[in-house]
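Take a look at the structure below.
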2 protein chains.
Amino acid sequence: MAAQRGQRGGVGGDTPPAPTAAEITTPIPRVADVPAARERARAVPEAAVARLAVYLRVLSAMQEQGAVTVSSEELSAAAGVNSAKLRKDLSYIGSYGTRGVGYEVTVLIEEIERILGLTRKHSVAVVGIGNLGHALANYGGFPGRGFPVSALFDVDPDLVGVPVGGIAVHHIDDIPRVCSEREVSIGVIATPPPAAQTVCDRLVEAGVQCILNFAPVVLQVPDHVEVRKVDLAVELQVLSFHVARRADDAAATGGRQVNGMVVS
Amino acid sequence: MAAQRGQRGGVGGDTPPAPTAAEITTPIPRVADVPAARERARAVPEAAVARLAVYLRVLSAMQEQGAVTVSSEELSAAAGVNSAKLRKDLSYIGSYGTRGVGYEVTVLIEEIERILGLTRKHSVAVVGIGNLGHALANYGGFPGRGFPVSALFDVDPDLVGVPVGGIAVHHIDDIPRVCSEREVSIGVIATPPPAAQTVCDRLVEAGVQCILNFAPVVLQVPDHVEVRKVDLAVELQVLSFHVARRADDAAATGGRQVNGMVVS
DNA sequence: TACCGCTTGTGAACGCGTGCACAAAGTCAG
DNA sequence: CTGACTTTGTGCACGCGTTCACAAGCGGTA
């Protein structure tokens, strides 16, 4: 039973000659080597990808402030990670720094954008125009970097046709048609739990390959579809766990706490 | 590093089988051993905690459908993980299953709730009543499991005093006072980026130890404060990365990998 | 009571990500 | 041109988390 696995689900059909050392041998530090860059993207760890997005935001802010170059030390501090990790992350996408100097801000932004695929626009469809969906549709943060919300859907007949955030709401039955027409590549599910799976199926049917799911449901999707979920309840419960753990530690050690290790 | 942590040597001496551990020594699989349960919580991997929250939701749904027991196989399928991982996760919190039978639903719910600290209520404060904050304040999902939103804040004078989702909005200057009064244990930041750090500082000042941050900013907090961030832009960019990777794979393998809409 | 099949719990191996420490490589001053 | 200083890029080791595989344990059955 292949449920949904964001894991190493054999990508594509075959990649037989790729025993790859997982590490990059950096065959050629040549710039503008597109095929190599593409190849390299496959080796970027998932966790690093998320951090690259953060670096990108920080870099953009720095650029606006007129910064031309940054050292790994500065950038890592601003991004909240240690410098070694930052350099390692950047090394996954190539060698664009200058030893003794640092990285050129514009170059780094350009390269990260390329790796993240931000050079093309990704149409986003939001399904479920409730409180959250409404917020997402109006969210100014989405378009911030090339993610135009180009379609909205809901089941409620009263909402259909009403413009939200400048876009008319369609009925979810039109998901396949509208998404295909507008070449939606990312679907956002903000519906109540019971409707999530159905909506998901329609998005998949429409050819959407990436889904961002806000509904507290485990979606079943084909292997070729990527799902990321944002579960507020889970986040709160994880925090709750920490609150409890802290309280216990305090009670147990009388407030004494040694970084990481606790005497028992 | 001075601390080398007696990996296994510790108790050694006359223990032939050598439990090895450092992980769980599980001295006594006795139930109702509260101190031991508390101690154990500290050993639960972060990733497992998040999954436990998911299991909890699935279990609740099963309970409502009248299920009395579940096997690791059933539960794992419903939660979207493999059964081995599920059993390992559950083993972190104790041994509450019956071999040859499975787990009793009610018992498991109870134990997970205890470990996650859901036996006590956690007051939540939402700061920033914009689109997102508004949605969060009205969000019916929060209280779902003991997370009452008990305070709202914003800078906008026009919003102060206005009730949103049944609760009056306070000015952010009142964060310290109100949060202390209402014993807020979790703060949710849904403000624009520039205001996030300031708001965060006030929450910390008010004694809030856990923060859920929706603002695309890296918050600086004292060590004793736990922060979890939900960054929509990052999520989208990670998905974008996958879209790009897929397209590349398709191009590389000759356009195989199809679903109807693969560009080249 | 003895056997059999089923499911849990976990020891152990594996793999990935993280952090350290250093060589390589470039800049700048004299 | 040389030497000293700075910062990158990465080999390597460590530790955590995931996965496998199986012994232990329990219920049902003869």
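So you know, we letter chains A, B, ... as the sequences are listed, proteins then strands, and number each from 1.
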Exercise. Among residues 64-74 of chain A, which residues get a heavy atom nearer than 4.0 Å to DNA chain D?
Worked result: A/Ser71, A/Ser72
Give a yes/no on whether any side-chain N or O of [X] is located under 4.0 angstrom from OP1 or OP2 of [N].
{"X": "B/Arg51", "N": "D/dT18", "value": "yes"}
{"X": "B/Asn82", "N": "D/dT19", "value": "yes"}
{"X": "B/Tyr103", "N": "C/dG9", "value": "yes"}

Interatomic distance, [X] [atom1] vs [N] [atom2] [rounded to whole Å]:
{"X": "A/Tyr96", "N": "C/dA25", "atom1": "OH", "atom2": "C1'", "value": "18 Å"}
{"X": "A/Leu75", "N": "D/dG9", "atom1": "CG", "atom2": "C1'", "value": "15 Å"}
{"X": "B/Glu104", "N": "D/dG27", "atom1": "CD", "atom2": "C1'", "value": "15 Å"}
{"X": "A/Leu86", "N": "D/dG9", "atom1": "CG", "atom2": "C1'", "value": "12 Å"}
{"X": "A/Leu52", "N": "C/dG17", "atom1": "CG", "atom2": "P", "value": "13 Å"}
{"X": "A/Arg87", "N": "C/dG17", "atom1": "CZ", "atom2": "C1'", "value": "16 Å"}
{"X": "B/Tyr92", "N": "D/dT19", "atom1": "OH", "atom2": "P", "value": "11 Å"}
{"X": "B/Leu108", "N": "C/dT7", "atom1": "CG", "atom2": "C1'", "value": "14 Å"}

The side chain of [X] is closest to which nucleotide in this list: [options]?
{"X": "A/Lys88", "options": "C/dG9, C/dG19, D/dC26", "value": "C/dG19"}
{"X": "B/Thr98", "options": "D/dC26, C/dG9, D/dT18", "value": "D/dC26"}
{"X": "A/Ala84", "options": "C/dG9, C/dC20, C/dG17", "value": "C/dC20"}

For this session: Identify the two heavy atoms, one from A/Ile186 and one from A/Phe147, that lie closest to each other, and give their separation to 0.1 Å.
Result: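 Minimum heavy-atom separation between A/Ile186 and A/Phe147: CD1-CE2, 3.9 Å.
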For this session: Could I get the full list of side chain to side chain donor-acceptor pair (under 3.5 Å) partners for B/Gln209, not counting sequence neighbours?
Result: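 Checked B/Gln209 against side chain to side chain donor-acceptor pair (under 3.5 Å); zero matches.
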Exercise. Between B/Ser71 (side chain) and B/Glu74 (backbone), is there a donor-acceptor pair under 3.5 Å?
Worked result: yes
Exercise. Under 3.5 Å, side chain of A/Gln197 to main-chain N/O of A/Gln220, donor-acceptor pair present?
Worked result: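 Checked: pair present.
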Exercise. Are A/Arg114 and A/Thr119 close enough that a side-chain donor and a side-chain acceptor fall under 3.5 Å?
Worked result: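 Absent: no donor and acceptor within the cut-off.
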Problem set entry | Nearest-nucleotide comparison on DNA chain C, the residue closer to the 5′ end among A/Lys85 and B/Val101 |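 First, find each residue's nearest nucleotide; the 5'-ward one identifies B/Val101.
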Check residues 229-240 of chain B and write down every donor-acceptor pair under 3.5 Å in which the side-chain atom is one partner and the other belongs to a residue at least two apart or another chain.
| residue | atom | partner | partner atom | Å |
| --- | --- | --- | --- | --- |
| B/Asp231 | OD1 | B/Ala233 | N | 3.1 |
| B/Asp231 | OD1 | B/Val234 | N | 3.1 |
| B/Asp231 | OD2 | A/Arg57 | NH1 | 2.8 |
| B/Asp231 | OD2 | A/Arg57 | NH2 | 2.8 |
| B/Glu235 | OE1 | A/Arg228 | NE | 2.4 |
| B/Glu235 | OE1 | A/Arg228 | NH2 | 3.3 |
| B/Ser240 | OG | A/Leu116 | O | 2.6 |
| B/Ser240 | OG | A/Gly117 | O | 3.3 |
| B/Ser240 | OG | A/His122 | NE2 | 2.8 |

For this session: Check whether any side-chain heavy atom of A/Tyr103 sits under 4.5 Å from a side-chain heavy atom of A/Glu111, and report yes or no.
Result: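 No, side chains not in contact.
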Exercise. What about B/Arg99, does its side chain sit under 3.5 Å from the base of C/dT8 through a donor-acceptor pair?
Worked result: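 Between C/dT8 and B/Arg99, which were checked side chain against base, a qualifying N/O pair under 3.5 Å is present.
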